[in-house]
Amino acid sequence: MAKQVEKPEWTRIAEAFEASGQTQREFALAQGVRLSTLQSWVYRHRRSAPSGAEAVRLLPVQVAPTPASMESVLEVVAAGGARVRFAVGTDVAYVARLVAALGR
């Protein structure tokens with residue numbers, strides 16, 4: 001039966017892997033740990049770590065018909081009433097950042 005590893009130890013190993021720049025296979029071989037065990041520890045460590053991602057706030061959307069002359073232009077109305085018009089094909093991430101900034 002394999003030795004039971006305490007949480008501080010697998011947390012330390014998972015953090016060392018994250019900082020190593022190696023693949024999971026390379027790191028497991030170098031540390032003498034089974035690949036599946038390392039994968040489990042890394043998965044648990046990532047799940048327990050607080051997310052650095054910014055919370056997503058959903059806004060209500062109302063779809064309205066547009067005149068034929070405006071088919072290539074889209075419009076977003078922010079919660080504060082600001083309107084942003086942009087061409088079809090504009091980078092969606094850019095529009096999202098712009099609308100988020102207007103909502104602050």
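The structure displayed is predicted, hence computed values, not measured ones.
Side-chain heavy atoms closer than 4.5 Å link hydrophobic residues (I, L, V, M, F, W, Y) into clusters, and following such links, even through other members, never connects Val61 to Val95. Hydrophobic clustering (side-chain heavy atoms under 4.5 Å, transitive across Ile, Leu, Val, Met, Phe, Trp, Tyr) groups Tyr94 together with Leu74. One hydrophobic cluster, built from ILVMFWY side chains closer than 4.5 Å, cannot hold both Val77 and Val84; they sit in different ones.
Taking the side chain as every heavy atom from C-beta outward, Phe27 and Gln24 never approach each other to under 4.5 Å.
Summarising the geometry, atom CD belonging to Gln31 is positioned 13.0 Å from atom OG1 belonging to Thr37; distances are rounded to the nearest 0.5 Å. A distance of 11.5 Å separates CG of Asp91 from CG of Leu98, quoted to the nearest 0.5 Å. To the nearest 0.5 angstrom, Phe86 atom CZ is 12.0 Å from Ser72 atom OG.
No more than 12 heavy atoms of other residues, nucleotides or ligands shown are found within 6.0 angstrom of CZ on Arg25.
Within the 3.5 Å criterion, the main-chain N or O of Phe17 finds a donor-acceptor partner in the side chain of Ser20.
Considering all non-hydrogen atoms of both residues, Val33 and Leu38 come closest at CG1-N, 4.1 Å.
Evaluated for a side-chain hydrogen bond (donor to acceptor under 3.5 Å, both in side chains) with Tyr43, the options Gln39, Arg47, Arg46 yield exactly one hit, Arg47.
Counted by atom type alone, Ser36 and Arg34 present one or more donor-acceptor pairs between their side chains at under 3.5 Å.
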